[in-house]
Amino acid sequence: MTTLTAPTRPVAAAEDVRPTRRRLGPGEPIRFGGLIGIAALLGAWVVGSATGLLDPRTLTEPWTVVETAGTLVENGRLQESLLTSGVRAALGLGLGVAVGTVLALVSGLSRIGESLIDGPIQVKRSIPTLALIPLLILWLGIGEPMKIITIALAVFVPVYIHTHNGLRTIEGRYAELAETLGVTRGEFVRHVVLPGAMPGFLLGMRFAVTSSLLALVVVEVINATSGIGHMITLASNYGQTDIIVVGLVVYALLGVTADAAVRFIERKALSWRRTLAS
Amino acid sequence: MTTLTAPTRPVAAAEDVRPTRRRLGPGEPIRFGGLIGIAALLGAWVVGSATGLLDPRTLTEPWTVVETAGTLVENGRLQESLLTSGVRAALGLGLGVAVGTVLALVSGLSRIGESLIDGPIQVKRSIPTLALIPLLILWLGIGEPMKIITIALAVFVPVYIHTHNGLRTIEGRYAELAETLGVTRGEFVRHVVLPGAMPGFLLGMRFAVTSSLLALVVVEVINATSGIGHMITLASNYGQTDIIVVGLVVYALLGVTADAAVRFIERKALSWRRTLAS
Amino acid sequence: GGAEAGPKLALSAALPDAPADGTVLRVGDPATQVALETSGLIDELDVDVEWANITGGPKTLEAFRADAIDIGSVADIPPLFAHWTGTDVRIVAARETVDPMEHPTYELGIAPGVDVESIEDIEGKKVAYSPGQAQGALVLNVLREAGLSQDDVELVEMQSVDDAFSVALAGNQVDVAPLGQALVKTYLAKYEQDGASTIAPGVRDDAWTLYAPTEVLEDADKAAAVKEYVGLWAQAQQWISDHPEEFAEAYYVDHEGLSPEDAQYVVEALGEFTVPTSWDEFIARHQETVDTLVEAQDQEPLDVETLYDRRFEKAIAAAVEGSQ
Amino acid sequence: MASYAGELSPAVRVRSLHRSFNEAGGVLNGLDLDIAPGEFVALLGRSGSGKSTLLRALAGLDRGVAGTGRIEVPDKVSVVFQDSRLLPWKRVLDNVTLGLRSDDAAQRGTQALAEVGLAGRERAWPHELSGGEQQRASLARSLVRDPQLLLADEPFGALDALTRIRMHTLLRRLCEVHQPAVLLVTHDVDEAIVLADRVIVLDGGVVRHDAHIDLGTRRSQADPAFARLRALLLAELGVEDDHDAAPGRHADPRLDERAAS
Amino acid sequence: MASYAGELSPAVRVRSLHRSFNEAGGVLNGLDLDIAPGEFVALLGRSGSGKSTLLRALAGLDRGVAGTGRIEVPDKVSVVFQDSRLLPWKRVLDNVTLGLRSDDAAQRGTQALAEVGLAGRERAWPHELSGGEQQRASLARSLVRDPQLLLADEPFGALDALTRIRMHTLLRRLCEVHQPAVLLVTHDVDEAIVLADRVIVLDGGVVRHDAHIDLGTRRSQADPAFARLRALLLAELGVEDDHDAAPGRHADPRLDERAAS
Ligand SMILES: Nc1ncnc2c1ncn2[C@@H]1O[C@H](COP(=O)(O)OP(=O)(O)OP(=O)(O)O)[C@@H](O)[C@H]1O
Ligand SMILES: Nc1ncnc2c1ncn2[C@@H]1O[C@H](COP(=O)(O)OP(=O)(O)OP(=O)(O)O)[C@@H](O)[C@H]1O
Ligand SMILES: [Mg+2]
Ligand SMILES: [Mg+2]
């Protein structure tokens with residue numbers, strides 16, 4: 001509208017002077033801050049390897065890892081392993097999450113359910129998965145079902161515990177409220193329990209996704225011909241450090257990505273919360 | 001004061017008629033309810049073994065387990081193993097909990113701390129512990145320090161994640177309050193952050209105690225001459241199912257007891273909460 | 001799988017010639033599988049085989065107990081421990097190396113800077129020892145051969161999982177540790193520059209067997225299938241010895257993911273295999289190992305002869321002779 | 001708008017109600033109370049006198065609390081809590097319609113929100129509402145479900161004068177239409193007199209004062225009867241002087257400790 | 001108790017303060033406000049008019065909220081929040097003394113609790129207090145720390161008449177001793193007139209009315225000046241009729257939607 005003649009003060013550079021108060025919460029999130037630490041880690045690895053501080057025989061150099069990864073991609077082993085493992089982990093994760101959530105609801109909402117379910121689950125999680133494998137092989141054979149169920153068994157524990165805990169720590173006053181509103185049990189579960197336990201459930205999911213990946217290493221030792229876990233096991237049998245490290249890098253990538261995904265969902269789904277973090 | 005002449009109505013059998021309202025929370029805890037499920041599990045094992053449904057070569061019969069345990073106690077192996085493992089687990093647990101808590105505080109209270117610490121920890125927890133062992137052997141040798149640090153590495157992850165999460169989900173209004181009270185950062189941590197993150201921390205402890213036990217199986221494969229994990233590994237090499245099962249029973253006992261202890265502390269320390277469970 | 005059992009067969013009865021139709025043999029022997037497939041010998045196999053990618057003592061034993069496989073491929077130690085821990089098994093095939101002292105299965109890895117040139121030098125050294133594994137038995141055999149007792153060395157108990165032994169050597173945590181040929185190459189490649197070395201163990205460690213749970217052999221159909229399989233297995237071992245390059249490529253490179261050079265090295269190091277048509281010497285040597293274990297590990301004495309099902313000795317002999 | 005007490009069998013009947021949180025002393029000590037169907041009762045009482053405790057007992061929400069007595073209430077009871085108690089994970093409209101099973105629940109909820117002056121805020125999160133707005137949302141949630149008994153614990157405490165009058169209007173209108181029995185806790189004596197058919201004062205764990213209000217439908221503070229009742233109730237609550245003095249302005253010594261339980 | 005405004009440099013100075021939570025419209029729209037040291041200002045305003053928003057801005061608690069303007073406040077600011085905001089994991093006394101660094105903190109806390117009528121409740125958990133008791137505990141927490149500026153958001157909302165008068169007394173006494181500047185949000189016009197040196201009305205995001213109160217130290221509702229001021233302020237708040245009518249009693253149609261933001 002106005003023609004520019006001379007540089008004037010920018011329009012409405014309204015001052016914004018607020019009382020300064022020591023900030024006690026963590027403050028604004030740093031954009032992509034999570035990557036800084038990982039970048040630093042990566043940097044340390046590169047520098048350590050380049051300066052010879054890290055013995056390449058212990059920890060392969062990053063460039064060798066890239067090279068080896070290239071080879072593995074070329075001959076298709078990496079993609080194949082990723083695909084096989086991905087399907088296994090996803091199926092096991094799905095099954096485990098479903099079972100864990102249902103058990104947590106049953107056990108969280110009824111004391112009888114709890115007294116039957118909770119003890120055995122605590123027993124289960126005290127026992128090394130490795131030690132359960134013989135039983136699982138006996139009952140389920142050495143094929144895919146055994147592998148998927150073993151993954152599901154690793155996954156359902158954190159989902160169960162976190163959801164159960166999340167559910168039990170919903171503020172009692174909300175249950176009171178629901179009672180006065182005359183909601184049915186189903187509505188109570190849907191509108192109060194599930195959203196109230198959601199923070200717990202999602203924290204459980206963060207453990208569940210990594211558990212499903214970690215379980216691959218255990219199950220893919222048995223009668224597997226491909227998969228990331230199989231690849232790592234095989235490579236460590238032969239002392240192929242570079243392939244192991246490729247496998248670990250893949251693990252780290254998958255794990256960090258999956259965790260970030262769950263945390264993203266967390267931020268979206270729990271946007272109603274006003275916490276120290278927000 | 002009064003002499004009893006004839007049986008009268010019990011004094012003040014005052015009526016207590018309250019509106020009945022559908023209870024939506026889980027209700028009163030059942031005393032020792034947690035043991036019911038475990039007893040059922042035990043019962044299933046006994047019955048399964050007695051009827052031959054469970055093959056004794058896969059899952060030793062309970063009576064054989066008792067017998068084997070008796071032998072192991074007699075020759076002192078069990079006690080010795082328990083002692084060795086107990087010390088290892090306790091040291092690892094202590095170290096891991098301390099490190100996890102401190103890291104969680106640093107990362108939870110400062111975005112810079114978080115961006116440096118959080119990523120690497122997510123990477124660490126995505127990587128199978130087994131795969132880290134070669135590195136730890138090279139850096140720390142095969143003695144006790146390596147074992148304890150490996151356990152601590154397994155322990156600190158759940159402590160970190162839960163404490164960090166607990167801390168970040170403290171209601172923002174309490175941080176606001178603290179800011180208006182002019183508390184120092186130390187007071188804020190002590191009076192707001194630590195108690196507010198306590199529920200998360202204690203949930204993390206439930207995972208930490210079992211992690212410390214489970215890690216024994218991994219570390220006691222290396223240069224150990226006694227310990228529960230060593231006992232199980234050795235037995236599974238020899239295929240001595242009965243000893244394995246004794247080990248697992250010990251694991252279950254330790255795990256369930258430790259978990260119950262943490263939950264007891266939880267109930268005491270968090271008695272200020274009014275939740276669905278209370 | 002093992003759902004329908006065939007007719008019962010006494011362990012002493014003659015092996016039937018052919019299994020009933022539809023008999024499936026579940027085999028955990030990936031190397032032979034690869035050899036059969038690569039050589040084309042697999043076409044000669046009349047029984048249906050279901051392959052499982054399972055090897056090694058603990059895993060095969062686990063699978064036996066769970067009735068997940070019928071036959072497993074292991075060194076000479078696992079059948080002993082299977083027996084000692086109550087799983088009834090029989091050895092149905094035996095293989096050895098043509099020039100065992102030149103081509104040991106394991107070498108003794110020596111840590112960088114440690115001066116060990118012969119097995120006698122291990123006196124006073126820290127030796128990695130994994131009781132219950134073949135590597136453990138090897139250490140005991142080496143001590144016996146060197147005329148040393150367990151007290152003359154410092155045994156460091158640790159499991160030989162993956163590359164744990166070479167890592168322990170590299171970190172100078174142990175002075176001596178048995179390394180499989182597959183690890184020797186990588187170990188030397190990495191640490192020879194620091195003064196690491198390997199020496200031959202000086203004892204035979206080449207015994208290799210196929211073993212099966214007794215129940216499998218008591219099933220007439222399965223027994224017939226095993227007979228069929230071991231015959232072809234023997235030919236496969238021969239083929240492996242005759243075609244080291246092809247086997248290295250097919251098994252170590254394609255199946256196990258080694259580089260061609262490493263694969264070549266392993267195959268050369270392991271040398272040529274032979275399948276004895278008479279087991280007498282094999283059993284005698286096995287008995288020696290048993291006696292060592294009985295003494296060193298307090299195991300129950302055992303006449304190892306009873307673990308061998310010598311009906312298959314003849315079947316193998318017939319097959320080997322037939323093919324030549 | 002005469003009181004129905006005594007005419008019909010009461011909607012609420014409480015007999016010798018005892019409640020105590022510890023051994024030290026009871027909060028309710030043998031309280032008796034009848035509320036007729038359709039009757040509007042205002043409950044006054046000092047802070048900490050047990051008003052909320054009584055309401056929670058009537059609502060059947062005090063399972064864990066020690067005590068005896070007989071309580072009879074209708075089936076459909078609706079509670080406005082002292083804290084507004086909106087589910088933080090549900091938007092305002094969903095909070096209001098929670099548990100409503102009619103087809104037009106959303107529509108009724110929207111209308112109720114409009115009536116309490118929250119039109120257009122249906123999709124706001126509870127934490128985005130001001131204190132008074134939260135209180136009104138919680139009021140809307142109770143009103144939308146046509147209870148037979150409405151228990152309201154200081155539902156207007158955080159409202160300014162105008163909004164408060166509007167809420168009074170709304171509440172009276174709904175009461176005329178649906179005729180619920182109402183027990184309303186308030187600290188505002190004027191409000192009690194303006195709204196209620198009957199005002200009771202809780203003290204020492206029993207109903208210390210029970211006054212029917214017969215001022216007709218047009219109640220003016222100027223009416224001497226109104227002023228008398230007001231003075232009486234304030235006296236019951238311990239206030240003799242009724243705002244005439246600004247007490248802080250004379251050098252008043254330390255408060256007595258009477259309010260401390 | 002004359003107002004100090006203009007005599008000294010103000011304790012609080014706010015210039016053209018804007019705050020808004022969304023694009024739709026601002027909550028504060030260029031608000032200006034000065035409070036002299038030791039001055040007692042009562043803040044009136046409709047529910048949702050932005051009173052809490054203003055207090056939070058003065059307390060520096062609205063970092064995330066969009067807006068401009070200049071705010072100057074003293075260093076030692078104490079806030080009584082609209083919710084009482086006691087830390088649920090600390091007993092009442094620990095809540096009150098939180099952050100107090102003097103040696104006799106516990107003693108001062110105990111005394112403050114006694115002054116608000118909570119003697120003997122030092123070791124109670126917050127959830128064991130009634131609504132009014134929580135509010136008083138939170139008041140005690142603020143009073144115990146002698147601020148230069150006290151921001152109180154409806155600190156007496158959940159209190160009965162007597163307790164409220166006692167709290168007025170207490171607050172005035174402390175103000176006389178420590179002379180803080182006070183900004184007190186209330187919905188009770190009488191309370192505002194009785195307590196304050198100056199009453200301001202917030203509307204449309206600015207100070208719409210700013211009245212110095214010159215009624216002397218003895219302020220009686222019977223005083224015609226008091227009644228005039230009261231009527232004026234109520235009119236500012238939109239209440240013309242001043243309780244004379246019980247509005248619900250005439251068949252009043254739907255509320256207008258004015259309160260909806
Ligand atoms: N859970 C509890 N544990 C212990 N004491 C309690 C508990 N709940 C309430 N009290 C005590 O019981 C008394 C009555 O509480 P109640 O909440 O009924 O008061 P009220 O009349 O509603 O007060 P207000 O007007 O302040 O809300 C108070 O002294 C309170 O401290
Ligand atoms: N975090 C927020 N997000 C969105 N809108 C908000 C938020 N906080 C407050 N508001 C809106 O801003 C307006 C002013 O809120 P504020 O809390 O300042 O009102 P108030 O004057 O304190 O009202 P009350 O007397 O009811 O407490 C209200 O309409 C409210 O809905
Ligand atoms: Mg109350
Ligand atoms: Mg407000």
Side-chain angles (χ1 to χ4, degrees), chain B residues 25 101 104-105 108-112 114 162-163 165-205 262-278, chain E residues 52 55-65 73-102 105 109 123-129 134 137-153 183:
Chain B
T101 312
L105 282 178
L109 291 175
S110 98
R111 293 285 179 185
I112 296 176
E114 176 175 42
H162 285 96
T163 311
N165 183 75
L167 195 161
R168 279 293 167 85
T169 54
I170 293 176
E171 285 187 50
R173 55 204 199 101
Y174 297 133
E176 277 181 14
L177 169 71
E179 286 175 8
T180 69
L181 295 181
V183 299
T184 61
R185 193 152 260 271
E187 286 170 329
F188 176 62
V189 169
R190 217 177 110 215
H191 298 297
V192 180
V193 170
L194 287 182
M198 189 55 78
F201 171 78
L202 285 173
L203 183 58
M205 279 303 290
V262 177
R263 284 164 94 162
F264 179 78
I265 296 173
E266 209 170 33
R267 265 201 307 288
K268 294 290 149 192
L270 306 180
S271 63
W272 50 267
R273 290 199 297 185
R274 295 293 100 172
T275 62
L276 223 54
S278 55
Chain E
S52 301
L55 255 61
R56 294 172 56 80
L58 292 180
L61 294 176
D62 61 347
R63 290 197 190 87
V65 182
V73 292
D75 283 340
K76 282 185 70 184
V77 178
S78 181
V79 183
V80 183
F81 288 92
Q82 194 165 5
D83 56 332
S84 14
R85 210 166 287 197
L86 302 171
L87 296 176
W89 49 79
K90 291 225 167 268
R91 294 175 189 275
V92 171
L93 180 61
D94 296 333
N95 258 292
V96 169
T97 57
L98 185 65
L100 274 193
R101 262 175 296 276
S102 67
R123 299 201 33 84
W125 291 112
H127 71 81
E128 292 174 343
L129 297 185
Q134 289 177 16
S138 134
L139 185 66
R141 179 177 57 196
S142 269
L143 297 184
V144 85
R145 43 201 88 219
D146 304 336
Q148 294 164 292
L149 172 63
L150 174 65
L151 301 170
D153 202 345
L183 183 60

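Because only heavy atoms are used, hydrogens play no part in the values below, and waters and symmetry mates are left out as well, while side chains stay in. Protein chains get the first letters and strands the later ones, always in sequence-line order, with residue 1 at the start of each.
With a threshold of 4.5 angstrom between heavy atoms, L194(B) does not approach chain E through any atom at all. Only the side chain of R56(E) comes within contact range of chain B, with heavy atoms under 4.5 Å apart. When heavy atoms are compared at a cutoff of 4.5 Å, L86(E) approaches chain B solely by way of its backbone atoms N, CA, C and O. In this structure, chain B has no heavy atom under 4.5 Å from any part of D75(E). For a residue to count as touching a neighbouring chain, one of its non-hydrogen atoms must lie under 4.5 Å from one of that chain's; by this rule E187(B) touches chain E with the side chain only.
No donor-acceptor pair closer than 3.5 Å links the side chain of W89(E) to the backbone N or O of A269(B).
A salt bridge between E171(B) and R85(E) is absent, with no side-chain N of the basic residue lying under 4.0 Å from a carboxylate O of the acidic one.
Here the side chains of L61(E) and T180(B) are in contact, with some heavy-atom distance below 4.5 Å. Proximity of F81(E) to E176(B): side-chain heavy atoms (C-beta onward) are separated by under 4.5 Å at one or more points. Between R141(E) and L177(B) there is a side-chain heavy-atom pair separated by less than 4.5 Å. Considering only heavy atoms from C-beta on, P126(E) stays 4.5 Å or farther from W272(B) through its side chain.
By number of non-hydrogen pairs under 4.5 angstrom with chain B, the leading residue of L151(E), V77(E), L87(E) is L87(E).
Annotation for R101(E) and V183(B): closest pair NH1-CA, 4.3 Å, computed over non-hydrogen atoms.
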With salt bridge (charged side-chain N to carboxylate O under 4.0 Å, His left out) as the test, would you mind laying out the steps for E128(E) and R274(B) before giving the verdict?
CA-CA 10 Å; E128(E) 292 174 343; R274(B) 295 293 100 172; over 6 Å; no

